[in-house]
Amino acid sequence: MENFIDIEKKWQKFWEENPNLYHAIDNDKSKTKKYVLVEFPYPSGSGLHIGHTFSFTGADVYARLKRMQGFNVMFPMGWDAFGLPTENYAIKTKQKPQKVTKDNTDMFRRQMKALAFSFDWAREVNTTDPKYYKWTQWIFIQLYNKGLAYKQEMPINWCPSCKIGLANEEVVNGHCERCGSEVERRTISQWVVKITEYADKLIEGLKDTDFIEKVKQAQINWIGKSDGAKIRFKLSPNSASILSSSRPQTSSSDDSGRKIDASSDHELEVFTTRPDTLFGATFMVIAPEHELVSRLMDNEEIKKYVVNARSKSDMERTELAKDKTGVFSGLYAINPVNGKEIPIWISDFVLASYGTGAIMSVPAHDERDYDFAKKFGLEIVPVIEPEGGWDFEKAPYTDVDNGKIINSEPINGLTPAAAFEKMLTWIKEKGIGEKTSSYHLRDWIFSRQHYWGEPIPMIYCEEHGWQPVPENQLPIVLPEVEQYEPTDNGESPLSTISNWVDTVCPVCGKKARRETDTMPNWAGSDWYFLRYIDPDNDTEIASQEKMKYWMPVDVYVGGDEHNTLHLLYSRFIYKFLYDLGVMPKENPEPYYKRLSHGVILGPDNQRMSKSRGNVIVPEDVSTKYGVDVVRMYLMFMGPFDSTMAWNENTLMGVKRFLDRLQNYFDKQSKQINNENASNAKVDVIINKLIKKVTEDTDNFKYNTAIAKMMEALNELNALGETYIGGKYLKDIVKMLAPFAPYSTEEEWSKIKNDKDEISVHIAKWPVADETYLVEDKMRVAIAINGKVRDEIEIESENQNNQSEIISAAKETEKIKSWLSGKSIVKEIYVPGKMVNLVVRD
RNA sequence: GCCGCUGUGGUGAAAUUGGUAUACACGCAAGACUUAAAAUCUUGUGCUCUCAAAAAGCGUGUGGGUUCGACCCCCGCCAGCGGCACCA
């Protein structure tokens, strides 16, 4: 007999020579389409890891099932290949990133083919291919044209040792991921994408999807919508005159037209979720970055505080969260509802990036305001009191569901909820504010000062400002050069390539400069699922007709770590393109179902990592035991979405099962020509198996599907020398095929006849014959007071004959002894399941 | 602190969603084959009581509740995991 290595070689070659087995056919109306997507990998130098193997196998099993069930399945694969690790590796080994990427994707592709994933390789995409990123750049231009991309001074994470700007994801606990030195803040002019414009649409759109609750919640939390009001506080006359005498020297913003701060010299605008507590506002606090503060820098104390606060990293600010700091601004505002003059403080616990960068402080009813008031001896005025009173000396009262409004002349006695509504109308009538919402979601910083990314297709002209590259000049190809190390000044390495940077203005034709920043990693992975639909299209992102056929993605398999950022960015870009009219109007959402796969831990129950030395390399295990064993084990070890530890003993159990099955097939093959040699027991075993395996596989419950196959084999073996016939033998091979593609293909080649498909992987999935699912006899449990004491066997056709079954139940020896001396007060019969007799002494 | 999830044998886990708890697999024990070991096969395996068996009792983190009947539904608590976190 051939060993598994020969078998794998043989069939890999066969599949390579027959790629049409897994081809998805565009616009095939004769079949129902099924778009099965799994997150494409970043092709790192260390090859496919066990997590990839796990999630890809899970998606592959599903794709194979659907294909065999007669769907027109698209199951594509590609490479999310821009990114820092490649750039760093290239710098270290003095190779071109293009070359490193090529080597890595070649390795990944080879490993994937060895693992028998049924990808449609004709649709392979690569985010670093100019033909691909032409469209990534095109999307950016559309964003710019619609006013959703703007340039702004933004603080970034700066590594002083690498001399490079770091993305948030490259900062680990306040330190540079690469060199470990502490990250500083620096302000750099950056491209920003207005995802916040779509915040509401991204929340509402979730109802058009079938994501699991956990994912929907993650998205909603990340967007973090709060309903409340904007309220304008007039400054006291004195304060207003102080300010008007010190206008800011220059406006810090350049051309974005965005104003963070809507306040004028006479007003200070705040956002609050608690307008019901407005009468309790006894002071105000503004962020050190607030526009007003820049006009108060003559005061040494304020200047010192502000300079210090601005130099703090986000880390430091939040770490010191408990201990409030602050300084009095010298200014006063008027509480619009009671005319009270209240002080304005400056403190870094107020975030410039949320709301208006200024708050009204109600210390009696907010933890942070309370801490601040206690520390600086500010007034605390309660405006809500619960029944039974509250000791405001000890703590603030923050419960919104209970209590009555006090100390608030026109609204006294209302509940906080009623007061909330009342105040919204009131501030509107008085013209001092209006209802609004605020979001945790921030606009998306889109610039990276790295080489290995998509060039941002923008040109700067002295006269005409920022202009998009004309679309017919796309793609702007990343120049291949010798120098792509980071520069000293924090600019992208592209800035040193003068013959690339120097260009002409698309408006006036005069000298102009290209943008030298590149896009973040997310840019290419936002929309890749669209490109699979039409990977070679040169004139459109994808053809309308094809998108109409394939969209939406039916099932999207990915990791929990992408449930917020990637999924949100991706939905945003899709919705933007949808509003642009580029997407089919039937599909406002890109993904119908989202499935998150679990995590495979090392044998020590710890996350796999090189430093722990607990890494399992798929290629090592598959050369030792065979690909089928590895695939099947991964699917058997537990539910597809849970965290599980690698255990080689359990893997051996799967291997034994496959070996036993092989023996069974070898014995059975003697009678292969006898299509229907079978008996009643076999009919039941196989048809039940088909039903269960089909259901479970369809629902990604692979572990129980495999358990059923094991159970069935045990049952068949227990029948001894019974031949089950060719049809059932083929059914078993088919059901196993998605999990164990090699050995089933081998077995299929032995047992198939001329009428059968050339490959088991395009054979027709079996359908259970319902007539065999009903057994003639059933076992009915008999319980006394809910505890099972005995059981009887009944004819299935009699299962609804309640009185007969109950009297039979009372007649068994065991039950009689349980009943003696007791009286039956109630009899319950669950058809075909059980009898419960409720008795009393 | 907030949001989400999970607690079932020695282990990974099942349970038709309110109807016989522990399927399947691992591990362990005993046996068969073998000079021996590995591999393979057979049998047993929740706990207590028992030389053993029968019978009984106890058993799904924990305390209550609803129900003829609860791993499943409701209320409270404990433990663990993941995400967010000075978001006004």
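The chains referred to below are lettered A, B, ... by the order of the sequence lines, with proteins before strands, and numbering in each begins at 1. It should be emphasised that the depicted structure is a prediction, and the values quoted were computed from it without experimental measurement.
- Every residue two or more places apart in sequence or in another chain that forms a side-chain hydrogen bond (donor to acceptor under 3.5 Å, both in side chains) with Glu434(A) is listed here: Arg232(A).
- Checking the phosphate oxygens (OP1, OP2) of A55(B), no side-chain nitrogen or oxygen of Trp818(A) falls inside 4.0 Å.
- Here C68(B) is the nucleotide among C68(B), A14(B), A88(B) with the atom lying nearest to any side-chain atom of Lys826(A).
- Close to A15(B), at under 4.0 Å from its OP1 or OP2, lies a side-chain N or O of Lys701(A).
- For A88(B), one of the phosphate oxygens OP1 or OP2 lies less than 4.0 angstrom from a side-chain nitrogen or oxygen of Ser226(A).
- A salt bridge links Asp560(A) with Lys214(A): the distance from a Lys NZ or Arg NE/NH1/NH2 to an Asp or Glu carboxylate oxygen falls below 4.0 Å.
- Using bins of under 30°, 30° to 60° and over 60° for the plane-to-plane angle, the ring pair Trp345(A)/Phe328(A) lands in the tilted bin.
- Side-chain atoms of Asn836(A) come within donor-acceptor range of the base of C68(B), with a qualifying N/O pair under 3.5 Å.
- Annotation: G12(B) and G31(B) have their P atoms spaced 29 Å apart (nearest Å).
- Looking at RNA chain B, the stems built from 3 or more consecutive Watson-Crick or G-U wobble pairs, each pair with its key distances under 3.5 Å, are B:1-7 with B:78-84, B:10-12 with B:24-26, B:27-32 with B:40-45, B:46-48 with B:56-58, B:61-65 with B:73-77.
- Annotation: U62(B) and C24(B) have their P atoms spaced 26 Å apart (nearest Å).
- If you check every strand for non-hydrogen atoms under 4.0 Å, Met637(A) touches sugar and phosphate atoms only.
- Base orientation of U17(B): syn, since the glycosidic angle falls within 90° of 0.
- Listed nucleotides C86(B), A13(B), G4(B) differ in distance to Lys214(A); the shortest reach to its side chain belongs to G4(B).
- Nucleotides U6(B) and A55(B), compared at atom C1', are 38 Å apart to the nearest Å.
- By the 4.5 Å heavy-atom criterion applied to side chains, Phe372(A) and Glu367(A) are not counted as neighbours.
- Distances shorter than 4.0 Å separate some side-chain N or O of Asn703(A) from OP1 or OP2 on A14(B).
- Contacts of Arg789(A) with the nucleic acid, taken as non-hydrogen atoms under 4.0 Å apart, involve only primed sugar atoms and P, OP1 or OP2.
- On the C1' atoms, G18(B) is 15 Å away from U60(B), given to the nearest whole Å.
- Taking 4.0 Å as the cut-off between side-chain N and carboxylate O, Lys375(A) and Asp323(A) count as a salt-bridged pair.
- Comparing the C1' positions of A52(B) and C5(B) gives an interatomic distance of 47 Å, to the nearest angstrom.
- The heavy-atom pair separating Met709(A) from Val693(A) by the smallest distance is CG-CG2, 3.8 Å.
- A gap of 16 Å separates the P atoms of G4(B) and C77(B), to the nearest Å.
- For Lys708(A) against C24(B), no side-chain N or O and base N or O form a donor-acceptor pair under 3.5 Å.
- Using a 4.0 Å cut-off between a side-chain N of Lys or Arg and a carboxylate O of Asp or Glu, Glu648(A) and Lys624(A) qualify as a salt bridge.
- Rounded to whole angstrom, the span from the CE atom of Met632(A) across to the P atom of C26(B) amounts to 13 Å.
- Atom C1' of G9(B) sits at a distance of 10 Å from the matching atom of G59(B), rounded to the whole Å.
- Ring geometry, His562(A) versus His566(A): the interplanar angle exceeds 60°, so the pair is classed perpendicular (tilted spans 30 to 60°).
- Nucleic acid contact class of Asp369(A) (heavy atoms, under 4.0 Å, all strands): none.
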All N/O pairs under 3.5 Å across the protein-nucleotides 38-49 of chain B interface:
unit_1 : atom_1 : unit_2    : atom_2 : d
U40(B) : OP1    : Arg656(A) : NE     : 3.4

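- Within 4.0 Å of Lys225(A), counting heavy atoms only, lies no atom of the nucleic acid at all.
- Here A88(B) is the nucleotide among A88(B), A23(B), G19(B) with the atom lying nearest to any side-chain atom of Ile359(A).
- Using a 4.0 Å heavy-atom distance criterion, Glu711(A) is classed as a sugar-phosphate-only contact.
- Among the atoms of the strands shown, only primed sugar atoms or phosphate atoms (P, OP1, OP2) are found under 4.0 Å from some heavy atom of Thr643(A).
- One P atom belongs to A85(B), the other to A79(B), and the distance between them is 25 Å to the nearest Å.
- Phosphate proximity of C84(B) to Asn221(A): absent, as no side-chain N or O sits under 4.0 Å from OP1 or OP2.
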